[in-house]
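Naming: A, B, ... by sequence-line order, numbering from 1 per chain.
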There are 2 protein chains.
Amino acid sequence: MLTDERHQLIRDRLAAEGRVLAGELASRFGVSEDTVRRDLREMAKAGQCRRVYGGAVAAALFAAAPVSLRGSHAIEEKMRLARAAVTLLSSGQSLFIDGGTTNAAIARAIPRDLELTIATNSLSVASALSEHALVELIVLGGRFDRNLGTCVGADTLAAVAQLGADLFFLGSCGLDASRGVTAFDSAEAEVKRAMARNSAGIVIAVTNDKLATAAPYRVAGPEAIRHLVVEKTAPAVTLADFERQGAEIRFA
Amino acid sequence: MLTDERHQLIRDRLAAEGRVLAGELASRFGVSEDTVRRDLREMAKAGQCRRVYGGAVAAALFAAAPVSLRGSHAIEEKMRLARAAVTLLSSGQSLFIDGGTTNAAIARAIPRDLELTIATNSLSVASALSEHALVELIVLGGRFDRNLGTCVGADTLAAVAQLGADLFFLGSCGLDASRGVTAFDSAEAEVKRAMARNSAGIVIAVTNDKLATAAPYRVAGPEAIRHLVVEKTAPAVTLADFERQGAEIRFA
DNA sequence: CCGCTTCTTGCACAAACATGCAAAACATGC
DNA sequence: GCATGTTTTGCATGTTTGTGCAAGAAGCGG
């Protein structure tokens, strides 16, 4: 039996009954339970079902699409960064989180037992947080830019202006010790600036490829960065520049 | 029995009766009372019920209702409704789409070659549309209600007030020929009313189980419905009542 | 006050799980 | 053909999770 066939049969069964049991599928297909579990894991990752202890249940039509981290190259690395970044959090804080795959990974990595207030203009961040029961989630609406995956424009700016946060997780397009944080898009930069203005501290998590690069639109100076989360392999000389300007470096 | 199934059954029972008893659930499910208590504790933590001595009662304002619709049996039916509903669309229109599983299905069914402007307060609708290149998507932000899957509250109302639409796809909680469209939640109803006010026409797509039912909060009178999309098996007598008040019936 | 029920907590055990590894089946390139 | 790499699978491994039981605390009613 082909892997793909199995997946199709599982999908059929999910559509018909709404749930499947790992053990039952294993004996039905004549494969080990491990194989079934692998199947279910993959399908869950693709958003085709939701994994539960003992089997899987049909994906809720209700739920938003899973955060697509596919297509981004450094998934592993970003998840590592995310795990390091969320150690900065504690219950009771309020956050701004903007767009980008790294921030989506961070949103996913936020422990479910933290009580937080989070405002975001990113659809994938919002989706990732939509089932965190203890998170008060505020969606910053506006015109949706599908290149960025975030809302931008006057409405978004107005929404940001009404809020304040302890920390701002800034998705950085370019990060340079002299020019600071920069973005590729004017509207995007404007929203980021507004969030920065209304936050007590800025957190940036970046992969090495963004370090020592710059984009046209300036968002925040290097001195505004409070926490910088980087890979272990980040060039020490660059980090020293940021550290000199007040950033606290944290390695993933 | 899966843990998740138990939770779902408890939610259903809470929605139907408003309260559950730990002992009763234990014997019904064939598990120990400790397990049921654990379930109730978790669900209470997730805001799905309120724990009381001896069992649990429904969380404030009927939070269980939308979640219990996740039952996957109706997915096929909703997709059929969705395919029928999108035939009402043509390029150039602007739409409001609110929450609910049926509207999520409609959003998914919208053809990619239509040029539309769509405003929604539903995260799942926004996600579904986030890759429709020709759709100008406007996210109506605000406080996210995870039971509804939509944004509600003052910010959302303000965002709606700035817009107008040709059609409003109204996700209906209850639909009755005399009381019209009704909702379970006050904040939800308020947003729906605002969208209705700013739309030229209202479209409602419902499965049979919603027909001839009503919820506490009134959204719009029956005469406000322009298009009503229903299953082929919908009771003719009920449909006639709507038709008499100006609705155009369309079968899936 | 007391007796009763319900609840939480700690613990133990089994089932379900992820992970690493090796064998087999397959494709790819020289 | 043959070496090499990839994918799939099952198995052995520790680990995690769900469950029931027991003991003590807390709520409830007399």
Give a yes or no on whether the backbone of A:Ala200 and the side-chain of A:Arg226 come within a donor-acceptor separation of less than 3.5 Å. yes
Kindly say if A:Arg41 contacts the phosphate of C:dA18, meaning a side-chain N or O under 4.0 Å from OP1 or OP2. yes
When you measure from the side chain of B:Asp145 to the backbone of B:Cys151, do you find a donor-acceptor pair of N or O atoms at a distance under 3.5 Å? no
Ignoring hydrogens and angles, tell me if any N or O in the side chain of A:Ser172 forms a donor-acceptor pair with the backbone of A:Gly174 under 3.5 Å. yes
Expressed in angstrom and rounded to an integer, what is the separation of B:Glu5 atom CD from D:dT19 atom C1'? 16 Å
Taking 4.0 Å as the cut-off, does a side-chain nitrogen or oxygen of A:Thr3 come that near to OP1 or OP2 on D:dT9? yes
Between CZ of A:Arg38 and C1' of D:dT8 the distance, given in whole Å, is 8 Å
In whole Å, I'd like the distance from the CG atom of B:Leu21 to the C1' atom of D:dC28. 16 Å
Separation of C:dA15 P from A:Arg37 CZ (nearest whole Å): 12 Å
For A:Ile202 against A:Ala224, the heavy-atom pair lying closest together: CB-O, 3.7 Å
Intra- and inter-strand pairs of DNA chain C in dot-bracket (Watson-Crick or G-U wobble, both distances under 3.5 Å; | for another strand): ||||||||||||||||||||||||||||||
Side-chain N or O of A:Arg6 closer than 4.0 Å to phosphate OP1/OP2 of D:dT9: yes
Assign A:Val36 to base, sugar-phosphate, or nothing according to its heavy-atom contacts below 4.0 angstrom with the strands shown. nothing
Residue-level proximity of residues 22-35 of chain A to DNA chain C when a heavy atom falls under 4.0 Å: A:Ala22, A:Asp34
Taking B:His132 for the side chain and B:Ile110 for the main chain, is one N or O donor matched with an acceptor at less than 3.5 Å? yes
With side chain to side chain contact (heavy atoms under 4.5 Å, CB included) as the test, pick out the partner of A:Phe96 among A:Leu167, A:Leu163, A:Asn121. A:Leu163
Nearest-angstrom distance from the residue atom OH of B:Tyr53 to P of C:dT6: 7 Å
Tell me whether A:Glu248 contacts the main-chain N or O of A:His227 through its side chain, where contact means a donor paired with an acceptor under 3.5 Å. no
Separation of D:dT17 C1' from B:His7 NE2 (nearest whole Å): 13 Å
Taking for each residue the nucleotide of DNA chain D with the nearest heavy atom, is it A:Leu2 or B:Asp39 whose nucleotide lies nearer the 5' end? A:Leu2
Report yes if at least one side-chain N or O of A:Arg51 is closer than 4.0 Å to OP1 or OP2 of C:dC17; otherwise report no. yes
Treating A:Ser127 as the side-chain partner and A:Leu123 as the backbone partner, does any N or O pair qualify as donor plus acceptor under 3.5 Å? yes
Who pairs with A:Cys49 by side chain to side chain contact (heavy atoms under 4.5 Å, CB included), at least two apart in sequence or on another chain? A:Leu14, A:Met43, A:Ala44, A:Ala56
What is the distance, to the nearest angstrom, from the CG atom on B:Asp4 to the P atom on D:dT19? 11 Å
